[in-house]
There are 2 protein chains.
Amino acid sequence: MTDNAKPTQTQASADNPIVMIVDDDPSMRRALTNLFQSVGLRVEAFGSAAEIMEAKPPVVPSCLVLDIRLPGSSGLDLQADLAKANIHTPIIFITGHGDIPMTVRAMKSGAVDFLTKPVRDQDMLDAVQAAIERDRKRRDAEKTVSGVRSRFESLTERQRDVLSLVASGLMNKQVAAELGLAEITVKIYRGQIMRKMGAKSLADLVRMTEALGIRRTKGNLQT
Amino acid sequence: MTDNAKPTQTQASADNPIVMIVDDDPSMRRALTNLFQSVGLRVEAFGSAAEIMEAKPPVVPSCLVLDIRLPGSSGLDLQADLAKANIHTPIIFITGHGDIPMTVRAMKSGAVDFLTKPVRDQDMLDAVQAAIERDRKRRDAEKTVSGVRSRFESLTERQRDVLSLVASGLMNKQVAAELGLAEITVKIYRGQIMRKMGAKSLADLVRMTEALGIRRTKGNLQT
DNA sequence: GGGCGAGCTATACCTAGGTTTGTCCCGTAG
DNA sequence: CTACGGGACAAACCTAGGTATAGCTCGCCC
């Protein structure tokens, strides 16, 4: 049972959650790996920040367990790098001799928890559980929105114009006036929008625009 | 210029933000009061958790600056008490000898910041600024929703039934079938709903129900 | 140059949404 | 008892939403 830089494979099964460990201390990695495996979690262990940045982002609910002191960059730097790379895997920090400003910074940046060594097993498991639950929720929300977004991308320019005005509550004739179109044209676009977006009702469509954060861009009057 | 238990009055003007200080150390209260007043903030200083719980919740954007060690209950207890009392004024903690678990607990419970003594003036002012901004946003959102909510309360039972179904995207005839009504009845309720809710369009109405968190309560079929 | 898709419009036709007026039942507050 | 409000419905009428069919221009790609 080696546990150096290469990911430790565990429960290669279905799509159950993964815990990723980043710690330069092999004995710590081993201890954490054993702990998580004992409750049936998949584990991948890394020895440095660089290693995990090279790995591909996980596609299942997961979380990171990070020592705040890491060779090269600190855990906080890694947190910032991941955020910049738009990777939002929840992070649990562990520290031997962290201070309060560090803790505050980590928590403000969205860390799930910040545990001090020696870490009680149960505390760690609780934190991981909470982190994975958070990631699961985030992924669900993400998945829903991304489906809607890709359908939105498939709309033509004009259809988007009409969509934003319709979703803001204007009648077809008002949309037509606003865009310098005939009412019939708006109706036809509207039908196309409903089909492309897969909306079964106006209410559906409104909710989709809410999820996409589409706001009425006032003032696009045509001569 | 005394600054004991009674609120220190400052800039009794309009509705600019209030900073509330809770610290049992008079010299600390005085120093903080001076600091905040120097940048034009209104200040109210208290000597204990009990005192501030008796005071009425502020009606303008505000924040709390709390020493984690307080006579009687700790700052964390006060934070919990305020949450239980449904008071969501943002909190900034200051501590002389806090530890990391304490910090984590405070931040998890929504504290804006957690500063260690000696506190740099600029850090404190930055934290207060952020806290007040957060409170302002929360209040704005709250105000909007509470208006909608009170209008919703004014609806009759039946109107609410119809509202939830209409907002979920059903056609009038489907709503009628679901509730065992005639279509015309649904139309009439629908009009009443639009008027009472002050919605100018169905899109408006849908957004209101979203804000209220109204979800389709499936399965209310009548014989 | 012909086919294609987007954009735009018109006519015709149908369905869905919405108001007005009026009627009836029921329970309850005065 | 009467007045009132909520709930339910009908007929009549009007507006808004939506589809089908058809026709036009423009730019683009092969």
Side-chain angles (χ1 to χ4, degrees), chain A residues 149-210 214 216-217 219-223, chain B residues 149-210 214 216-217 219-223:
Chain A
R149 199 189 318 279
S150 70
R151 273 171 276 161
F152 177 74
E153 311 272 326
S154 80
L155 297 180
T156 67
E157 196 73 18
R158 230 42 179 145
Q159 288 167 351
R160 289 178 206 186
D161 292 344
V162 171
L163 171 54
S164 82
L165 294 173
V166 166
S168 77
L170 299 193
M171 289 184 306
N172 287 342
K173 64 170 73 165
Q174 296 175 305
V175 174
E178 194 87 20
L179 296 175
L181 297 176
E183 190 182 345
I184 181 68
T185 311
V186 174
K187 287 185 179 181
I188 289 166
Y189 284 162
R190 197 167 166 158
Q192 295 166 350
I193 292 165
M194 294 297 280
R195 240 169 295 121
K196 281 195 183 181
M197 296 298 288
K200 290 178 300 303
S201 65
L202 177 59
D204 263 20
L205 203 62
V206 171
R207 269 185 284 267
M208 287 181 188
T209 60
E210 288 292 292
I214 291 174
R216 182 91 147 53
T217 39
N220 28 2
L221 290 169
Q222 313 278 77
T223 50
Chain B
R149 199 187 318 278
S150 72
R151 273 170 277 159
F152 177 74
E153 310 274 328
S154 81
L155 297 180
T156 68
E157 196 74 18
R158 230 41 180 146
Q159 289 166 351
R160 289 177 207 186
D161 292 346
V162 171
L163 171 54
S164 81
L165 295 173
V166 165
S168 77
L170 298 193
M171 289 185 307
N172 288 342
K173 65 171 71 164
Q174 294 175 306
V175 174
E178 195 86 21
L179 297 175
L181 296 176
E183 190 182 345
I184 181 69
T185 310
V186 174
K187 287 184 179 182
I188 289 168
Y189 284 162
R190 197 167 167 157
Q192 295 166 350
I193 292 166
M194 294 297 280
R195 240 168 293 121
K196 281 194 181 180
M197 295 298 287
K200 292 178 300 303
S201 64
L202 177 58
D204 263 20
L205 202 63
V206 171
R207 269 184 284 268
M208 288 180 189
T209 59
E210 288 292 293
I214 292 174
R216 182 92 147 51
T217 39
N220 26 5
L221 291 169
Q222 311 281 80
T223 50

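Every chain is numbered from 1, with letters handed out A, B, ... down the list of sequences.
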request  = For B:K196 and B:S154, indicate whether the former's side chain and the latter's backbone hold a donor-acceptor pair under 3.5 Å.
outcome  = yes

request  = For residues A:L205 and A:I193, determine if any side-chain heavy atom of one lies less than 4.5 Å from a side-chain heavy atom of the other.
outcome  = yes

ask   = Taking C-beta and beyond as the side chain, do B:L179 and B:R158 meet within less than 4.5 Å on heavy atoms?
value = yes

request  = Over all heavy atoms of both residues, which pair between B:S168 and A:A203 is shortest? Give the atoms and the distance, please.
outcome  = C-CB, 4.3 Å

key: Non-hydrogen side-chain atoms of A:M197 and A:T209 separated by less than 4.5 Å   = no

Integer-rounded Å distance: D:dG18 C1' and A:L202 CG = 13 Å

Identify all pairs in which a protein N or O lies below 3.5 Å from an N or O of nucleotides 20-23 of chain C, and state each distance.
none

request  = Find out whether B:Y189 and B:V175 are in side-chain contact, i.e. whether some heavy atom of one side chain is under 4.5 Å from a heavy atom of the other.
outcome  = no

inquiry  = Nearest whole Å is fine: how far is D:dT19 C1' from A:E183 CD?
reply    = 14 Å

Any N/O pairs under 3.5 Å between the protein and nucleotides 6-8 of chain D? List them or say none.
from: D:dG7; atom 1: OP1; to: B:T156; atom 2: OG1; distance (Å): 3.3
from: D:dG7; atom 1: OP2; to: B:T156; atom 2: OG1; distance (Å): 2.5
from: D:dA8; atom 1: OP1; to: B:R158; atom 2: NE; distance (Å): 2.8
from: D:dA8; atom 1: OP1; to: B:R158; atom 2: NH2; distance (Å): 3.2
from: D:dA8; atom 1: OP2; to: B:R158; atom 2: NE; distance (Å): 3.1
from: D:dA8; atom 1: OP2; to: B:Y189; atom 2: OH; distance (Å): 2.7

task = Starting at atom CD of B:Q174, determine the distance to atom P of C:dT15, rounded to an integer number of angstrom.
result = 15 Å

request  = Find the distance A:K187:NZ to C:dC14:C1' and express it as a whole number of Å.
outcome  = 11 Å

message = Around atom CD of B:E157, are there more than 12 heavy atoms from other residues, nucleotides or ligands closer than 6.0 Å?
response = no

inquiry  = Please determine whether a side-chain nitrogen or oxygen atom of B:N172 lies at a distance below 4.0 Å from atom OP1 or OP2 of C:dA16.
reply    = no

task = Could you check how far CE of A:M171 sits from P of D:dC14, rounded to whole Å?
result = 18 Å

task = Could you grab the distance from atom CZ of A:R190 to atom CD of A:E183, nearest 0.5 Å is fine?
result = 10.0 Å

request  = Measure the distance from CZ on B:R190 to P on C:dT19 and round it to the nearest whole Å.
outcome  = 10 Å

task = Can you tell me the distance, in whole Å, between the CZ atom of A:R160 and the C1' atom of C:dG7?
result = 15 Å

request  = Can you see which heavy atom on A:V206 is nearest to which on B:R207, and at what distance?
outcome  = CG1-NH1, 3.8 Å

message = Given D:dA16, C:dT19, D:dG17, identify the nucleotide with an atom nearest to the side chain of A:K173.
response = D:dA16

